[in-house]
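The block underneath contains the structure these notes are about, expressed in structure tokens.
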Amino acid sequence: MRYSRFFLPTLKEVPAEAEIISHKLLLRAGMIRKLASGLYSYLPLGLRSLRKIEGIIREEMNRAGAQEVLLPLVQPAELWQESGRWDRYGKELLRLKDRHQRAYGLGPTHEEVITDLIRGEVRSYRDFPINLYQIQTKFRDEIRPRFGLMRGREFIMKDAYSFDVDDEALEETYQAMYQAYCRIFERCGLNFRPVEADTGSIGGHASHEFMVLADTGEDQIACCTSCDYAANVELAPVIHPSDHPDVRPSKPMTKVNTPGRRSVKEVTEFLGISDTCLVKTLILLADGRPVVALLKGNHELNDVKLRRFLGAEDLELADSDTVRRITGAPVGFAGPVGLSGGLKIIADQDLFDLKDFVTGANEVDAHYTGVNWGRDVPRPEFADIRVITEKDPCPRCKGKIELKRGIEVGHIFKLGTKYSEAMGATFLDANGRKRPIVMGCYGIGVGRTLAAAIEQNHDENGIIFPAPIAPFEVIISLVNVTDTVMVEAAEDIYNGLMAQGVETLLDDRKERPGVKFKDADLIGIPLRITVGKRLKETNEVEIRDRATGKTILVQRDRAVKRASEML
RNA sequence: CGGGGCGUAGCGCAGCCUGGUAGCGCAUCUGCUUUGGGAGCAGAGGGCCGGAGGUUCAAAUCCUCUCGCCCCGACCA
């Protein structure tokens with residue numbers, strides 16, 4: 001490709017809308033442009049990279065025994081009503097009506113469609129396993145799209161769905177996909193980690209996320225430094241020490257005046273106590289019903305754990321009116337003492353051994369000190385409902401836990417029979433008995449993978465593409481387009497590389513060398529061949545490695561060979 | 001949806017408080033010079049100051065409403 005004819009609008013300045021590095025560089029490198037919030041156009045350079053990633057995904061999916069299909073984006077509401085998700089999926093599902101007033105959803109995911117397809121075609125246990133995937137534009141009406149390709153509303157996703165006869169067979173498929181995912185992200189040049197994960201609204205009973213490690217990641221993961229345990233913090237269990245300290249009360253319960261002190265920090269500083277002696281009281285709504293969660297002042301509520309414990313679909317912090325109605329006090333002074341008996345109260349397990357603690361008094365500007373279970377407050381239900389910290393031991397080996405941030409580029413689930421049962425997708429087993437198909441599903445965010453790769457591979461000059469996903473493998477910087485000797489040499493090398501199947505961009509623009517070098521660095525092509533003054537002096541050209549900056553000089557005739565070897 | 005911020009030339013911004021000729025840098029176009037890390041000089045073009053309403057002799061500037069975008073929270077690839 002000749003740069004002079006290639007649609008590649010690079011930006012010298014950073015667009016104000018971009019916050020994180022991948023978003024800035026995707027815009028500056030002329031790979032994407034925004035149409036509206038969460039909606040992006042892929043320009044030729046960006047699309048080339050996306051196609052590379054898709055190519056890797058296709059190879060690995062096919063190798064793992066999956067077959068490519070392409071399913072409709074527009075999906076009839078009836079299918080979603082069958083699975084029950086028409087009501088439960090929420091506003092991320094964009095709903096629309098056709099001219100006959102029939103309701104549809106714009107596919108955010110395709111469990112319903114694929115299950116419908118399979119139930120119509122498959123009858124016998126002999127037909128399994130089946131594993132189908134597609135690479136397609138999804139639409140999710142995200143509450144808050146952000147960070148460019150990281151969280152768009154319209155985005156390209158690879159989604160695969162597997163169908164097996166039983167859990168054992170699913171386990172085998174699941175492992176094959178797990179391995180395929182590892183290979184895909186390795187081949188994309190990513191530093192990633194598979195972690196145990198929550199199943200969220202997709203449902204099912206086991207799941208792993210593939211996290212690209214990056215400070216800008218939206219997820220937090222807990223990794224053990226000793227064993228290979230790694231999990232999304234949403235899931236990571238906290239091990240409660242099993243020793244039994246003295247929990248007999250040593251202080252009387254006393255009401256103290258705490259004018260205007262609402263937050264943990266304000267109250268503990270005012271009373272001169274540690275935040276580990278304070279019990280904070282959160283009022284939440286679980287599927288609309290109020291519940292109370294109690295935690296140590298230094299701990300954070302893990303809403304996924306609490307939601308699971310309660311078996312609730314939906315969990316949110318209560319609004320201030322609800323808090324006032326339940327506690328009789330404004331936000332900041334809630335406590336378990338004297339709350340009405342009917343209210344569900346769950347305390348974090350770490351509070352089990354706590355004595356003589358401090359809590360809100362359910363009245364303005366007042367807290368209790370010396371509060372004790374049994375004597376002052378009925379013992380509530382205890383459960384692990386907090387977020388793991390780096391002070392907690394590894395739940396598997398008791399080793400040290402490190403918290404890291406990650407970008408979720410892939411997510412695999414064992415769905416089990418959730419969809420097949422709801423939608424009547426069954427087969428006849430060897431004994432002629434009707435059984436529900438056992439399913440799995442497996443997603444990769446293609447655009448997000450590209451963004452994640454840039455988050456991990458860049459410097460102050462721009463992107464440093466891992467070669468397998470680079471939009472071009474080589475860029476030839478022709479320093480002076482008016483010098484016929486240089487032009488001829490550059491053309492020769494260009495034709496030579498193209499003949500070898502090396503994807504090459506020939507920078508034949510009438511620009512000064514500095515501009516060409518800056519653009520070459522910005523768009524991150526792994527190898528740059530500079531055809532310039534050395535050609536005139538010693539008949540040499542330079543080959544420069546974008547990642548290391550290392551430059552070698554080679555004779556003009558050997559440039560094609562050397563460059564091919566270096567890729 | 002709640003909280004915060006921003007809409008002025010293709011991009012980055014100033015001007016707004018204190019109303020009175022719409023400005024700067026980059027980019028674009030023309031000419032000359034330059035040609036190994038985002039050139040120099042000279043000239044040119046480009047704006048319903050997000051939109052609607054209001055106040056005023058006069059609005060980018062003040063007021064009201066609205067739309068869009070970005071950031072923080074709940075969602076997820």
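Chain naming here is simple, since letters A, B, ... match the order of the sequence lines and numbering starts at 1 in each. It should be emphasised that the depicted structure is a prediction, and the values quoted were computed from it without experimental measurement.
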Next on the checklist: So if I define the base as every atom that isn't primed, P, OP1 or OP2, how would nucleotides 29-42 of chain B read as a B/S/- string at a heavy-atom cutoff under 4.0 Å?
Outcome noted: -----BSBBBB---
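Within the shown strands, B/C6 is the pairing partner of B/G68 under the Watson-Crick or G-U definition, both distances less than 3.5 Å. If you check B/C16 for Watson-Crick or wobble pairing at under 3.5 angstrom, you find it has no partner at all.
With rounding to whole Å, A/Gln134 atom CD is found 13 Å from B/A77 atom C1'. Between A/Leu285 atom CG and B/G73 atom P there is a gap of 21 Å when expressed in whole angstrom units. A/Met177 places its CE atom 14 Å from the P atom of B/A77, with the value rounded to the nearest Å. The separation between A/Phe210 atom CZ and B/C76 atom P is 19 Å, rounded to whole Å.
Ring centroid separation for the pair A/Phe472 and A/Phe6 comes in under the 6.0 Å cut-off.
Qualifying salt bridge (charged side-chain N to carboxylate O under 4.0 Å, His left out) partners for A/Lys138, counting only residues two or more places apart in sequence or in other chains: A/Asp159. Residues satisfying the side chain to side chain contact (heavy atoms under 4.5 Å, CB included) test with A/Ala489, not counting sequence neighbours, are A/Val531, A/Leu535, A/Arg556.
Less than 4.0 Å separates RNA chain B from at least one heavy atom of each of the following residues of residues 30-63 of chain A: A/Lys34, A/Ala36, A/Ser37.
Under the 90° criterion around 0 for the glycosidic angle, B/U21 counts as syn.
For the salt bridge (Lys or Arg N to Asp or Glu O under 4.0 Å) condition, the pairs that include at least one residue of residues 454-464 of chain A, sequence neighbours left out, are A/Asp459-A/Arg546. Listed by first and then second residue, the salt bridge (Lys or Arg N to Asp or Glu O under 4.0 Å) pairs involving residues 31-40 of chain A are A/Glu17-A/Lys34 (not counting sequence neighbours). Under the side chain to side chain donor-acceptor pair (under 3.5 Å) criterion, the residue pairs touching residues 519-530 of chain A are A/Thr10-A/Asp519, A/Arg509-A/Asp519, A/Arg528-A/Thr530, with sequence neighbours excluded. Sorted by first then second residue, the salt bridge (Lys or Arg N to Asp or Glu O under 4.0 Å) pairs that include residues 47-62 of chain A, not counting sequence neighbours, are A/Arg48-A/Glu503, A/Arg51-A/Glu54, A/Lys52-A/Glu503, A/Glu54-A/Arg58, A/Arg58-A/Glu68, A/Glu59-A/Arg187, A/Glu60-A/Arg63, A/Glu60-A/Arg183, A/Glu60-A/Arg187.
Phosphate proximity of B/C75 to A/Arg151: absent, as no side-chain N or O sits under 4.0 Å from OP1 or OP2.
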Considering only distance and modelled atom types, tabulate donor-acceptor pairs under 3.5 Å from the side chains of residues 188-197 of chain A, sequence neighbours left out.
from: A/Glu196; atom 1: OE2; to: A/Arg396; atom 2: NH2; distance (Å): 3.2

